[in-house]
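Before any comments, here is the structure.
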Amino acid sequence: MITALSGDTSRLRATVDFVKEQDTATLLPLLLPGLDGPELRSLVERCEFRHAALLVFPPDEAALDTTLADCGLVADGPPQPSVVVRERLAVRHNRSTADLDVGILRPVVECPDGARRMVEVFALTVPPGSDLGTVAAHERERQHESHVAFEVEAPDPLVLRGLCAVFGQYGATPSGGGYNPHENGTVFYFTAPAESKAGYRQVELYVPGDHRDILAAHLDEHRGRHPAEILLRLLTGAWTTQALAAFARLEVPDAMAEDRSVGLAELAHGVGAFEPNLATLLRYLTMLGVVSEDRDGFRLTDTGALLRADAEGSMRSLALMYGGPFYESFAGLGHTVRTGQVAFEQRFGENHFDHFVRDPELAELFDRSMAAGSRMFDPLPTHPVLAGADEGATVVDIAGGSGELLSRILSAHPRLRGVLLERPHTVETARVLLGAAGHAARCTFRAGDFADVPAGGDVYVLSRVLHDWDDDRCREILRHCARAMSDSADLLVVERVLPADGSASLATAWDLHMMCNVGGRERRADHYARLFADAGLTLVGRVPLPLDGNVLHVRRTGTPDA
């Protein structure tokens, strides 16, 4: 036992030294070889090296205090229960969690750079003569729980998904995680690549708050399911679409309180649903992380809250659109692949735009669904072309929909003026939205088509338009833009751009969607550059946006081709 305790002390001293020597910017490239440049800077800005961890095995609490003192550490309080490590040990050693008394301590380490990092000490109490001695010996040898941890400082869901994606891009693989209700924190575990030079293979992302919806996808990837199970889950994707659409269509999210759980009977009565079947739907949505369940009933997660009609950035309209007309047209995807014809036109007898124009309710739903993707626009007003525009400069939003993007630009830059070009019925919707935002005096509205792009603008915006069309129509649209632009004008094109290396991207999914529903397509950056060149334009810059979007900065280079 003395030898074992001495070993714990030496391991703990080494951990303290490591915490003192490292910081976020130096540790990340050691863990993820090849990480450099903008991606390294992005990670450094969004997460911070907070602690290194190890598991020790004191016979009692007094022995643990002695070990900490020998390493110059002072406990931050009594140990808190460790849900995640206890469950991992139970699985590894086929033990009941009730037999594993695992606590967490986080004594502070004063570092030479002035930072206050921590050593996270997991302590599994192993009394003398306990049969847990074999567990302790195995864990000391294998060091399963030794890891380094980074805390995500702004736990926005998009940021969190992006961080997980970058870790995966540089060879880290998901290796578990969990939610600890005692401290309201979510843990994402990764295994660093074999070529990692940090001396630690396990990496933790700690995120304050309950993020079990994102954690579910992380854990699914970790489990490495059987191919038949993977395929079966993929085949049931249509069920997910309809479950979300039905949830939104029945207005269940709107009937759920934001600050408490709501009982099943109350929910069923509120929305006029058959209680047993609503329960089945809610259990499925709980599995997806859209709602959570406790003894008092059901409540929305952050993901599910986006299906409320009154939510900021509500995606309810997207759920209704994807579970409605677009769901029907996707049944004809095979026809599109086989014949090259658009499935939407086969299903509804006319093209996407004409069909929506003839049905005012559907047209309104479509406009709202386009606005629902506005998260992509969040950074766009900070683009140098807009931020550096002169006093009184005019921004022309071509096919600007209900004016969501133009409203954001004018709100960010009170010195600018706007022009919105759209179809007649949509112009009226945009007039109301921009008026309600206080921009009516600075905005002009024009009903028309692409041939009516007004001259005299300083910045032209073409957002999520080109992907609706084939190359010939895109060239025609771009030529109309080029003719209207002066030599000093700028064009900002917002689109999802297909990755050149075939990596995972929302653009790949939308490429299939555009092919099936409008006969359009997503494109690579070099493809867009060729289309611009054909219209007398040049691609001069590209900046990423959320949701796998991009803003392509384009200038005029000559007289557009006839």
Side-chain angles (χ1 to χ4, degrees), residues 24 46-53 55 75-91 97-98 100-108 116-124 145 147-164 167 174-190 202-220 222 253 256-263 282 285-306 308 311-313:
T24 309
R46 290 171 170 80
C47 63
E48 183 176 351
F49 173 43
R50 286 298 173 87
H51 70 254
L55 174 61
D76 57 332
Q80 296 297 310
S82 172
V83 175
V84 175
V85 172
R86 184 180 63 193
E87 291 180 350
R88 287 163 66 99
L89 287 172
V91 170
T97 56
L100 301 171
D101 180 18
V102 183
I104 308 176
L105 290 168
R106 294 189 177 94
V108 173
R116 288 169 58 84
R117 289 186 276 273
M118 294 176 292
V119 172
E120 185 171 69
V121 181
F122 299 114
L124 171 62
E145 299 304 331
H147 67 263
V148 291
F150 299 83
E151 182 168 339
V152 180
E153 298 182 338
D156 176 275
L158 284 175
V159 169
L160 183 52
R161 288 189 177 93
L163 290 174
C164 291
F167 270 71
S175 58
Y179 172 67
N180 190 336
H182 299 286
E183 57 187 41
N184 189 28
T186 310
V187 177
F188 296 75
Y189 280 120
F190 295 85
Q202 295 301 314
V203 185
E204 170 192 311
L205 280 183
Y206 175 81
V207 190
D210 185 349
H211 298 275
R212 280 177 282 187
D213 49 347
I214 301 173
L215 179 66
H218 177 83
L219 294 177
D220 277 348
H222 163 56
M256 299 178 79
E258 297 186 49
D259 57 350
R260 64 179 178 85
S261 298
V262 180
L282 290 172
L285 294 173
T286 298
M287 182 181 73
L288 299 178
V290 176
V291 300
S292 62
E293 183 180 9
D294 57 33
R295 64 183 181 183
D296 297 320
F298 296 88
R299 70 167 60 196
L300 292 169
T301 65
D302 290 343
T303 300
L306 290 173
R308 290 177 63 98
E312 182 179 357

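Note that the structure is predicted; figures quoted are calculated from it, not measured.
- Under the ring pair (Phe, Tyr, Trp, His ring centres under 6.0 Å) criterion, Phe190 pairs with Phe167, His218, sequence neighbours left out.
- The line from CD of Glu151 to NE2 of His51 is 9.5 Å long, rounded to the nearest 0.5 Å.
- The two atoms that bring Gly289 and Asp213 nearest to each other are O-CB, 3.4 Å, heavy atoms only.
- The only option from Val159, Asp156, Val152, Leu160 that meets the side-chain contact (heavy atoms from CB on, under 4.5 Å) definition with Arg46 turns out to be Val159.
- Atoms CG and CD, on Leu100 and Glu87 in that order, are 10.5 Å from each other to the nearest 0.5 Å.
- Across Leu219 and Gly177, no two heavy atoms sit closer than the pair CD2-N, 3.6 Å.
- Nearest heavy-atom pair, Thr301 versus Val290, reported as atom, atom and distance to 0.1 Å: OG1-O, 3.0 Å.
- Partners of Arg106 according to the side-chain contact (heavy atoms from CB on, under 4.5 Å) rule, which considers only residues two or more places apart in sequence or in another chain, are Asp76, Ile104, Met118, Glu120, Glu183.
- Taken from CG in Asp101 to CZ in Arg86, the straight-line distance is 9.0 Å, to the nearest 0.5 Å.
- The line from CG of Asp294 to OG1 of Thr286 is 10.0 Å long, rounded to the nearest 0.5 Å.
- In terms of heavy atoms, Met256 sits closest to Val291 at CE-CG1, 4.1 Å.
- Closest approach of Leu300 and Pro253 over heavy atoms only: CD1-O, 3.6 Å.
- Considering only heavy atoms from C-beta on, Tyr206 stays 4.5 Å or farther from Arg50 through its side chain.
- Of all heavy-atom pairs spanning His147 and Glu145, the tightest one is ND1-O, 2.9 Å.
- Not a single side-chain hydrogen bond (donor to acceptor under 3.5 Å, both in side chains) links Arg295 to another residue, sequence neighbours left out.
- For the atom pair CG of Leu205 and OG1 of Thr186, the computed distance is 11.0 Å after rounding to the nearest 0.5 Å.
- With a 4.5 Å cut-off on side-chain heavy atoms, Arg161 and Ile214 count as touching.
- The side-chain heavy atoms of Asn184 and Tyr179, taken from C-beta on, include a pair separated by under 4.5 Å.
- Contact check for Val262 versus Phe298: no side-chain heavy atoms found under the 4.5 Å cut-off.
- Cation-pi contact between Arg88 and Phe122: absent, since separation from the ring centre below 6.0 Å together with deviation from the ring axis within 45° is not met.
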Let me see the working for Arg299 and Ser292 under side chain to side chain donor-acceptor pair (under 3.5 Å), right down to the final yes or no. CA-CA 6 Å; Arg299 70 167 60 196; Ser292 62; 5.1 Å; no

